[in-house]
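Here the structure is a predicted model, which means the values were calculated and not measured. Both counts, for ligands and for their atoms, begin at 1 and track the order of listing.
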Amino acid sequence: MTARLLEGRPVADAIWRDVEQRTATYSATAGRPPTLGLVSGPDESATAYARQIERQFGRRGLRVASLSAGTVDFVGEVRAFSRDSSIDGVLLLTPLPDGVDPEAVALAIDPSKDVDGQHPYNLGRLAQRRSALAPATALGGMRLLEHYAIPLRGARAVVVGRSPVVGMPMALLLIDADATVSVCHSRTQNLAEITRHADLLCVAIGRPRLIGPEHVKPGAVVVDFGTNVMPDGATLGDVQADAVREVAGALTPVPGGTGPITVAVLAQQMLSAAERHLHGR
Ligand code: NAP
């Protein structure tokens, strides 16, 4: 069997089309573009991600406001963005400089502007199966599964990874979609024994090529969130794509699977926040 490739680009394109339409309507009504407050330290990977967000938002008529250069008061800056009525969403990019507590900074985000579901209020609501701003990567994974009409109700899903950024929210979103979910992590014994039962296997570990064909049930759908940049510059997933393609029914490629969807979902969540504020909801 050669797995069907679940490409992220068509999913991202559909989300961007929705974002562009809603941005035009919002800007005409509000008299200004929807605006993201972006909070990032000097870390190289965070700075590169910030530039990517600015470029992609700018192309669709969304504005990005950045921190004043050399800022040290991250909590104060996030609070200021949270209170500023011309800022619709707040996004915190980590890692922050040494000595800055990322949890304290995340707590300063107004939960109604929390476009990447970083405030515990939103993860808590997700766990309660109430409407919430979810972490964009996990929500992007759900959009991909919806786009390709992967059945979730009653499906046996295994999520490998329990970080609050990807694994845990993915598990919560799948539970909300009526899948039966197991969560594995670094202390899980006999990982393959558990993952081999999955109709849907979602992997967010950050270990290149850890998941091989022995972990995959024949015909399963495999979603690889792994984005591991190797010393030679290549990006590898957490899944051995070449070997797993021979066993799985469908597989997201890396790069080009879940990756392109994340920024589009951030934009879409920001618009939802902006529209709610505009209409006083
Ligand atoms: P993380 O915070 O380091 O969490 C990794 C998780 O994997 C932890 O729960 C850890 O278990 C588990 N784990 C580590 N080694 C394991 C092993 N040998 N067996 C089973 N579980 C293991 O990483 P993250 O932020 O969730 O990111 C995960 C991956 O997704 C990374 O490659 C990252 O680059 C990628 N990512 C992609 C996007 C995107 O847009 N596609 C966005 C964000 C992240 P413990 O909890 O026990 O430590």
Practice task
In sequence, state the C-alpha distance, the side-chain angles, and the governing distance for Arg245 and Gln240, and then conclude on side-chain hydrogen bond (donor to acceptor under 3.5 Å, both in side chains).
Solution key: CA-CA 8 Å; Arg245 273 198 82 175; Gln240 294 166 26; over 6 Å; no

Exercise for the section: Mind checking whether Ile261 contacts ligand 1 via backbone (N, CA, C, O), side chain (CB onward), both or neither, at a 4.0 Å heavy-atom cut-off? Expected result: neither

Practice task
Considering heavy atoms of the protein only, find what lies nearest to atom 44 (C) of ligand 1 and give residue, atom and distance to 0.1 Å.
Solution key: Val166 CG2, 3.7 Å

Problem - ligand 1 atoms in contact with Phe225 (distance to a heavy atom under 4.0 Å) - result: 30 (O), 35 (C), 36 (N), 37 (C), 41 (N)

Exercise for the section: Using a 4.5 Å cut-off on heavy atoms from C-beta on, say whether the side chain of Val239 contacts that of Leu210. Expected result: no

Exercise for the section: For ligand 1, note which part of Val160 has a heavy atom under 4.0 Å away: side chain, backbone, both or neither. Expected result: side chain

Handout entry: ligand 1 contacted by Ala204 (non-hydrogen, < 4.0 Å)
Key = yes

Fill in the blank from the handout: For Asn228, the atoms of ligand 1 under 4.0 Å from one of its heavy atoms are 32 (O)

Practice task
Give the numbers and elements of all ligand 1 atoms closer than 4.0 Å to a heavy atom of Thr137.
Solution key: 38 (C), 39 (C), 40 (O), 41 (N), 42 (C), 43 (C)

Exercise for the section: For side chain to side chain contact (heavy atoms under 4.5 Å, CB included), just list the numbers for Asp224 and Thr258, CA-CA rounded to whole Å, side-chain angles, deciding distance to a tenth of an Å, and then say yes or no. Expected result: CA-CA 7 Å; Asp224 186 356; Thr258 59; over 6 Å; no

Handout entry: Closest protein heavy atom to atom 31 (C) of ligand 1, given as residue, atom name and distance to 0.1 Å
Key = Gly206 CA, 3.5 Å

Handout entry: Pair Ser66-Glu54, side-chain donor/acceptor within less than 3.5 Å
Key = yes

Problem - Shortest reach to atom 19 (N) of ligand 1 by a heavy atom, considering only Met168, His185, Arg187 - result: His185

Exercise for the section: Following the transitive rule for hydrophobic clusters with a side-chain heavy-atom cut-off under 4.5 Å over Ile, Leu, Val, Met, Phe, Trp and Tyr, establish whether Val222 and Ile194 coincide in one cluster. Expected result: yes

Exercise for the section: State the atoms of ligand 1, each with its element, that fall below the 4.0 Å cut-off from a heavy-atom position in Thr258. Expected result: 41 (N)

Fill in the blank from the handout: Check: of Ile205, Leu210, Asp238, Asp116, min heavy-atom distance to atom 23 (O) of ligand 1 comes from Ile205

Completion exercise
The single option from Arg22, Arg32, Arg276 that satisfies salt bridge (charged side-chain N to carboxylate O under 4.0 Å, His left out) with Asp88 is Arg32

Problem - Contact with ligand 1 for Thr188, non-hydrogen, under 4.0 angstrom - result: no

Practice task
Give the cluster check for Val115 versus Phe57: same hydrophobic cluster or not, with ILVMFWY residues linked at side-chain heavy-atom distances below 4.5 Å.
Solution key: yes

Practice task
Look only at the side chain of Ser163 and the backbone of Val165, and say whether a donor-acceptor pair between them is shorter than 3.5 Å.
Solution key: yes

Problem - Proximal ligand 1 atoms for Thr262, defined as those under 4.0 Å from one of its heavy atoms - result: 39 (C), 40 (O)

Practice task
Say whether Tyr49 and Ile261 are linked into one hydrophobic cluster, either directly or through other cluster members, by side-chain heavy-atom distances under 4.5 angstrom.
Solution key: yes

Problem - Side-chain (Ser82) to main-chain (Asp110) donor-acceptor, under 3.5 angstrom - result: yes

Practice task
Give a yes/no verdict on whether any heavy atom in Gly226 is under 4.0 Å from an atom of ligand 1.
Solution key: yes

Handout entry: Shortest protein contact, atom 45 (P) of ligand 1 (heavy atom only)
Key = Ser186 OG, 3.4 Å

Exercise for the section: Check each atom of ligand 1 against the heavy atoms of Gly161 and keep those under 4.0 Å away; list them by number with element. Expected result: 6 (C), 7 (O), 9 (O)

Fill in the blank from the handout: re atom 25 (O) of ligand 1, the protein heavy-atom contact at minimum distance is Ser163 OG, 3.9 Å

Problem - Any donor-acceptor N/O pair, Asp238 side chain to Ile205 backbone, under 3.5 Å - result: yes

Handout entry: Donor-acceptor pair, side chain of Arg60 and main chain of Gln56, under 3.5 angstrom
Key = yes

Practice task
Considering heavy atoms of the protein only, find what lies nearest to atom 46 (O) of ligand 1 and give residue, atom and distance to 0.1 Å.
Solution key: Arg162 NE, 2.7 Å

Completion exercise
At under 4.0 Å between heavy atoms, what of Thr227 touches ligand 1? The answer is both

